[in-house]
Amino acid sequence: MNWLWAIIVGLVLGLIAKAIIPGKQQIPLWLTIIFGILGGMLGNAASGWLGVQDTKGFDWTRHLLQVIGAVIVVGVGDMVWSSFRHNRGRATSR
């Protein structure tokens, strides 16, 4: 059941990140989910490094770090994906 929860959270984080990043991202939904999962993992790691992973009540800091991580991963991933798709399109048109 943990994998299903990771997919759902990854989807939500990825979609929030895509909404925050200006412009239109070219990544497909499956990559949005993967990047959201990776961003969430990055945010969890950052909260552990900062010592705010386990707090009483709602973990606002950890969730904010997860969203920031997702924005970073989705932003960088979109640039890499766009570059890959652009270069691939040029190679096939020759």
Side-chain angles (χ1 to χ4, degrees):
M1 208 53 177
N2 287 337
W3 60 270
L4 181 62
W5 189 244
I7 291 171
I8 293 169
V9 170
L11 174 64
V12 170
L13 284 173
L15 292 176
I16 290 172
K18 285 178 80 168
I20 292 173
I21 298 170
K24 181 169 175 23
Q25 292 76 43
Q26 303 299 321
I27 57 175
L29 185 61
W30 63 271
L31 260 180
T32 301
I33 295 169
I34 291 172
F35 291 160
I37 291 170
L38 293 174
M41 292 169 59
L42 179 64
N44 280 340
S47 68
W49 297 327
L50 296 174
V52 294
Q53 189 169 12
D54 295 319
T55 58
K56 295 179 183 175
F58 195 74
D59 293 334
W60 289 105
T61 306
R62 182 171 56 101
H63 295 306
L64 179 65
L65 290 170
Q66 288 176 332
V67 170
I68 291 170
V71 167
I72 292 169
V73 173
V74 168
V76 171
D78 180 58
M79 287 188 293
V80 171
W81 178 259
S82 296
S83 173
F84 174 74
R85 298 294 287 180
H86 179 70
N87 287 339
R88 185 174 170 198
R90 274 196 325 189
T92 58
S93 65
R94 291 183 184 176

Does Leu65 sit in a hydrophobic cluster with other residues, and if so which ones, taking ILVMFWY side chains as linked at heavy-atom separations under 4.5 Å, directly or through other members?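 Besides Leu65, the hydrophobic cluster comprises Leu50, Val52, listed by chain and residue number.
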So how far is it from Ser47 OG to Gln66 CD, rounded to the nearest 0.5 Å? 7.0 Å
Over all atoms of both residues, closest heavy-atom pair of Gln25 and Lys18: OE1-O, 3.2 Å
Among Leu29, Ile34, Ile16, Ile37, which residue meets the side chain to side chain contact (heavy atoms under 4.5 Å, CB included) test with Leu11? Leu29
Which atom pairs, one a donor and one an acceptor, fall under 3.5 Å between side chains of residues 67-82 and the rest of the protein, sequence neighbours left out?
unit_1, atom_1, unit_2, atom_2, d
Asp78, OD1, Gln26, N, 2.8
Trp81, NE1, Gln26, O, 3.3
Ser82, OG, Asp78, O, 2.9

Same cluster or not: are Val9 and Trp30 linked, directly or through other Ile, Leu, Val, Met, Phe, Trp or Tyr residues, by side-chain heavy atoms under 4.5 angstrom apart? yes
Is there any salt bridge (Lys or Arg N to Asp or Glu O under 4.0 Å) pair reaching into residues 59-69, and which pairs are they, with sequence neighbours excluded?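 Sorted pair list: Asp59-Arg62.
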So, do Trp60 and Leu64 sit near enough that their side-chain heavy atoms are less than 4.5 Å apart? no
